Structures are given as C-alpha cells and as structure tokens.
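No experiment lies behind these values; they were computed from the predicted model shown. Residue numbers begin at 1 in each chain, while the letters A, B, ... track the order of the sequences.
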There are 2 protein chains.
Amino acid sequence: MNDSRRPLTLRDVSEASGVSEMTVSRVLRNRGDVSAKTREKVLAAAKELGYVPNRIAGALASNRVNLVGVVIPSMANMVFPEVLTGISEVLDETDLQPVVGITNYRQDKEESVIFEMLSWRPSGLIVAGVEHSEAARRMLRASGVPVVEIMDTDGLGINHVVGISHRRAGREMAQIIAQQKYRRIGFAGTKMPLDHRARKRFEGFTLGLAKAGIEVADQEFYSGGSALLKGREMTQTLLERTPDLDFIYYSNDMIGAGGLLYCLEQGIDVPGKLGLAGFNAVELLDGLPRRLATMDACRAEIGRKAAEIVISCISDTPPTENHKIELSPKVQPGDTLIRHPENLKTD
Amino acid sequence: MNDSRRPLTLRDVSEASGVSEMTVSRVLRNRGDVSAKTREKVLAAAKELGYVPNRIAGALASNRVNLVGVVIPSMANMVFPEVLTGISEVLDETDLQPVVGITNYRQDKEESVIFEMLSWRPSGLIVAGVEHSEAARRMLRASGVPVVEIMDTDGLGINHVVGISHRRAGREMAQIIAQQKYRRIGFAGTKMPLDHRARKRFEGFTLGLAKAGIEVADQEFYSGGSALLKGREMTQTLLERTPDLDFIYYSNDMIGAGGLLYCLEQGIDVPGKLGLAGFNAVELLDGLPRRLATMDACRAEIGRKAAEIVISCISDTPPTENHKIELSPKVQPGDTLIRHPENLKTD
DNA sequence: TTGAAAGCGCTAACAA
DNA sequence: TTGTTAGCGCTTTCAA
C-alpha cells in the first residue's frame, strides 16, 4: 500500500511489476495486445499498491475526457434531480460520468458554470433551457463540445434540443379547461422572470384561453418557501379575492397539491364547483386524497434522450446532425378537471 | 471568435496580443505583477478570441484541482439535494466546484464512483455515510485527499466526520413517545439493508423503547414507489393488523405525511388515540393540514460544515487535525406527538 | 508483444 | 515587469 503522501504514478506500478510504463498503461486501459502473464503481473502490482490512475495526465495526453457536464438551475426543484436520474441511467452503461453545475436560475452564474465546465473539455454538455446570455451562447458554439439543451423546445437551440413545448402544454391545458366549461379561471405560479418554462406555460395558457374567448380572471405569484404551503395560501387569497373563480391552474404540482388540500378541507366541491390542475406529474400526487389533474413533463425521458445524444455524438465519425426532439406531454385529468366527460375530445 | 474546430490555447492568445505565453497565463490567473497595459491587451485578446483555458493542462502543471467530489446515494431522496445545496452555498464563495457522483445505495457502485473521483485528484471528497467497502476505505486513506464523511456519526470515520447520531435520534424519539404514555408502538420504514442511517434510527428507537420496557408491537417495510402513497398503505396495513397500536414512528417524513393524511381521512383522533412521528423536518410538512412530529436532520448545515472543512484543509499548511462534528437534531413535536404536555421534559 | 521518444497545454522556478 | 526552460503523468506513434 501507498504510505508516502505522494500519489502513485504509472512508474511506481512499472517498477513494482518489472514491466515498462507503456505496457502497464496498456494493461490498465485494456488496449493493445499484452500477454496474459504480463497482464497478471501488472494488475497484481497495481492492486497491491492501490494505484489510482491520474486522469488529468491521461486526458491531457489523449485529448479525451470521460466527463459530461450537466448545467441545471437548482436541486431544490425535484424536476432536475429526476432529469439527472435519467441521464445517469444512460451514462451508467458507458464510461462517461455526469458532472453537475447549479445556476440558481441566474444567467450570470450559468455563464460562469458553463465556462468552468468547458475548461475541463468535457465529452458533452447538457444545459437546461434555451435562454442563455449571449456570451454563454458564444462559448458553447465555439467550444466544439456537443451541446444538448433540454427541457424546453420553444426557442432557438445551439446544437441539439430535447424537451417539450411549454407553450403548447399551457395551451392544451387551457383547451381542456374551456371544454369543461370552466369560465372564471385563476392562475397561481412562481414569479416569472426566474423561470422561463413556467412563463411560457403561462403564455400558452392565456393564449389558449383567449382562443375560447376567456381571460384569466385573477392571478397570484410566489417565490421561495414551502411550495405546498404557498399553494394553500395562494388558493385562499385567490378565492377570497375572486370568489366566483371556477378553476385554478397552478404552475407546478406542489402548489397545486397545497391548493387541493386546502379545497378539500374547506369542503369545496372539486371539480364540480372548482377545477384544479398542476404541472409535472410528480410522484407525490399518488398519495394525495384525490388525484390532481396534471401533465407529465417527461423529465426522466428527457434526461435519457439527452445522454443518448451525447453518446452518439462521441461515437459518430461524421459529425452527428443536429437533433431536435420534442416530446409530447400528456394531460392526466385525475379527479380535479373533468366535470363534463362527454366534452372530452382529443384533437 | 474561434471558427476552427481546434480549441484555443494560450499560444493563440499570446500571438493575438503580442505578449508571451507566460505573461498571458499570469494575467488570466491574476498572479504576479503585470503592467496594466499588458493586462488590458491580454484580456482584450482573450475575450475577442473567446478563449477558455484548459484546466486539464493547468491542473497537471500546477498539481492543483479546484474540484470537490461529492458522493451521495441518490437524487430521488430530497435529503441529498438539500445537503448539496448547503455544500454549494459555501463553495460558491471560493473557486471550488462540487462534482456529484451517485451510488444508488450500492457499495460496489460507491467504490467505482470514489475511484473515478480520486482519479481526478480533487481538492477534497465528501462522502455520505461511514460504511464503505474495505477497498473504498483503503483508496480514500491512501489518496492523500481530505475526506469528509457526512450525515452519520455512528461509526469510525476515515478522516473528518460531520453529521448526527441516528441511533441517538431514534432513542430520543422513543423517550418522548414513552413519556407521552404511548405503549403500543408500530414502526414503518424503508427496507433496511439499503439505508444504514434508517437502520440505525430503528436500532436506537427499539433500544430507547426497551429502556421504558416497551417492545415494538408491529412493523412494516417498503421500497420504491411514491413514499406518500406507501405511507398511507403501510399505515392502513399496520392498523388493520394491529388495531390497538397507539403510535407509529416512520423512518422518514414522506411516509409519515402519507400516514397522517390517511389518519385524518379516517377520522382517527391524532394524537389522542394515535400518535405519529417522522424524521427529517422536510419543508413539505409545512403545508399539511396538521404538523407531523419530526426531527430536523440538519441537512443543509451538514453540507455547509463539510464544505468548510474541505476549505480549511486546503488552506492550512500544517495538516488540519481530524474533525468530528456531531450536530444535535431537535425534536419538533408538531401536532401529532404531545398528548400529555405536563410530561414534556427535556433531559 | 514490448519499448523508447515525443509531446499534450499549461505553470513553477528561475533568469533577465 | 517580462521571458525562458523544464516538466507535470500520461498516451500516441513508431520502432524493435
């Protein structure tokens, strides 16, 4: 075992095994032909010493790095851990490793995180969203690294894009709500400037309502704190301020769940008197007393597809053409949206 | 801008600015004295070209890497994203960057993740838990990298340890439950082999009950699926199988929340007839109709402390002595634990 | 199947 | 304040 404080090098393994550095390197990477006997000797020596290769040197020499950068706004929102899970699942089958960077929804932080990531010359970069600072966009384009922008397909991508159209998601929800003859619609959500995708859903939503001749009757925004609690509070606020609301659309399931719990406690007839819908199809909804209507944002699937694109970019000799994959989130009506089943048409 | 596919090097910036490579390097790292005029020239050229330094080469040459490895079992359990948030908060003040690896609660995976991490010669390694394979332990010890084991202080650490004693947490909860004159205690939790900390809480819990002459009357375990839903189901199962239970201790708040919702729906008198408690003090509890009793596991604080230890190890010339920080989680009785306030003594 | 030499892009150390 | 030289620990390439 290594008792000195100096990290071991190939040379140490070479000396311990009596095999040249070059051959040791070949054995440890499973490259080229090495006789079984030499192999054994090397492997034994490496194990005995507790040798851990120096990827930094390896990467510099080979110009290859088995890292894939993943840039996301936050860990606090379960959406992103779920995307990461999808990415990990796929990368686990390869020797690629995800490296996560957090932007806290701030473009300046995103820019510096992307810069840091690119400075490691990763095999690929997966970035949440399609809105970036001009400088970030330039870096990404100039880097030569395959870039996959995820979550959102509304906008111009740099390279590859995998996600859903949040505008469309909002619009489709609006359509069903209108079909169900709800007319006094409220909206509760995050403060928009932070969250482009929530904003786009809202835009799509108002547009969809407009087509049915409806305007959003009231709205309420929050930031920070327990989403479940905020959902309660906003629901109460909305209903007190605009008592004739017959629907509330929430920008995510957590606040929607809070709203649902509130309504049930208040004995409000859901969905007869008041309809509710959220967004994301989070697992949590399974355990609530009633199923909140929602829409699956395909988080894990987006992660998996993004990872697959990176892999294909690395393996393809002819540069992979740009992908743009738009997944179709489905409305899950649950028990809080449908009061006129006869009006449920899929178009 | 860089239009060729070859990534830019210092040499490119040097040529574009007419300044030697070495001086360019100094400017870009803010090291040593450089005249304002040269600085400007270099910075302008670097920006104009869109130069992104190659940290791989830099790290190899300087033997310094601004990466801190963080090895956690999962992203799906909000506990770990929260720890990460604490780590990020602190590292954000420095030029250190967290790099996350996921083990899926598997020791073999943990071993390979640690190996990969160490191969990048990070400035520090933060690892969840104190149980690792013998090989992993050897690697960590031999690496020369400062290691901080987090979450759990029950067991032998390699180097630095920050966490809480889950045995003690379980014992303390048992004490209060006994004080409150609950006698027929049920337990619902994760399948243990996966989760050492849940197991230790359970061990401490049974020990604490034993001191009061009580045995766990019934228990139920789950794995996978929606925790909220599982909490409901397990609660129903327990209460049907052992109708005289007067308390259920849950190994985490999500299943506890599910249980609470179930009990409220069933019109069960909580905490009079049946007491409930969870573990973790997750934010979600704020939004429930009643406050579940719980215990704060100090997740963010653990993350912050761990990051601080790494930082201190890097800056200290005399090798930092080993830390062992045991935080004290506090019982938050909420509305589901106290039915004899007069018995509420803190010892 | 094995080995020797060169060099990846940067920084430490020293010289001017 | 600036420049020169050597080399970090590997892998690539080529020769044996």
Side-chain angles (χ1 to χ4, degrees), chain A residues 2 4-43 45-46 49 51-67 95 116 118-122 143-144, chain B residues 2 4-43 45-46 49 51-67 95 116 118-122 143-144:
Chain A
N2 174 28
S4 81
R5 282 305 64 183
R6 176 180 63 77
L8 296 162
T9 67
L10 263 190
R11 158 165 237 122
D12 295 303
V13 182
S14 164
E15 282 170 3
S17 62
V19 177
S20 80
E21 274 189 54
M22 195 51 237
T23 303
V24 170
S25 166
R26 277 195 273 254
V27 171
L28 295 176
R29 286 177 300 140
N30 285 317
R31 281 258 182 327
D33 296 318
V34 180
S35 75
K37 221 179 85 194
T38 329
R39 262 186 77 75
E40 304 253 309
K41 267 198 296 191
V42 170
L43 257 15
L49 291 170
Y51 172 71
V52 177
N54 185 332
R55 293 263 151 154
I56 298 174
L60 184 62
S62 68
N63 201 24
R64 266 181 276 113
V65 179
N66 68 338
L67 262 24
D95 66 343
E116 288 294 321
L118 289 178
S119 74
W120 289 100
R121 305 290 188 262
S143 68
Chain B
N2 174 30
S4 82
R5 280 305 66 182
R6 175 181 63 79
L8 296 164
T9 67
L10 265 190
R11 157 166 238 119
D12 295 303
V13 182
S14 164
E15 283 170 2
S17 62
V19 176
S20 80
E21 275 188 52
M22 195 52 233
T23 302
V24 170
S25 167
R26 277 195 274 255
V27 169
L28 295 176
R29 286 176 300 140
N30 284 317
R31 280 257 185 327
D33 297 320
V34 180
S35 74
K37 221 180 85 193
T38 328
R39 261 186 76 76
E40 304 254 308
K41 266 199 296 192
V42 171
L43 258 15
L49 292 169
Y51 172 70
V52 177
N54 185 333
R55 291 265 141 120
I56 298 174
L60 184 61
S62 67
N63 201 24
R64 265 182 278 111
V65 178
N66 69 339
L67 262 23
D95 67 340
E116 287 295 322
L118 289 177
S119 75
W120 288 100
R121 304 289 188 263
S143 68

Between Lys41(A) (NZ) and dT1(C) (C1'), how many Å, whole number? 13 Å

A correct 5'-to-3' footprint of nucleotides 11-16 of chain C, with B, S and - meaning base, sugar-phosphate only and no protein heavy atom under 4.0 Å, is BBB---

Could you check whether Asp33(A) gets within reach of a base, just the sugar-phosphate, or nothing at all, counting any heavy atom under 4.0 Å? base

Between P of dG9(C) and CZ of Arg121(A), the distance in whole Å: 9 Å

Taking atom P of dC10(C) as reference, at what distance in whole Å does atom CG of Asn66(B) sit? 15 Å

Quick one: Glu15(A) CD to dG3(C) C1', roughly how many Å, whole number? 16 Å

Side chain of Ser35(B) only, please: which of dT1(D), dG9(C), dT1(C) is the nearest? dT1(D)

Got more than 12 heavy atoms from elsewhere within 6.0 Å of CZ, Arg11(A)? no

dT2(C) OP1/OP2 closer than 4.0 Å to side-chain N/O of Thr38(A): yes

Does any N or O in the side chain of Ser14(B) come within less than 3.5 Å of the main-chain N or O of Leu10(B), such that one atom is a donor and the other an acceptor? no

Smallest separation among heavy atoms of Pro7(B) and Arg121(A), with atom names: CB-NE, 4.0 Å

If we only count heavy atoms from C-beta on, is the Val52(B) to Leu8(B) side-chain gap below 4.5 Å? no

Between dT11(D) atom P and Leu60(A) atom CG, what is the distance in whole Å? 11 Å

Tyr51(A) side-chain N/O to dG9(D) phosphate OP1/OP2 under 4.0 Å: no

What's the CZ-P distance between Arg11(B) and dC8(C), to the nearest Å? 10 Å

Salt bridge or not for Asp33(B) and Arg26(B), using N-O below 4.0 Å? no

What I want to check is whether the side chains of Ser25(B) and Arg29(B) have a donor and an acceptor closer together than 3.5 Å. yes

From CG of Asp12(A) across to P of dG9(D) the rounded distance in Å is 10 Å

If you only use heavy atoms from C-beta on, which nucleotide in dC10(C), dC8(D), dC10(D) is closest to the side chain of Asn54(B)? dC10(C)

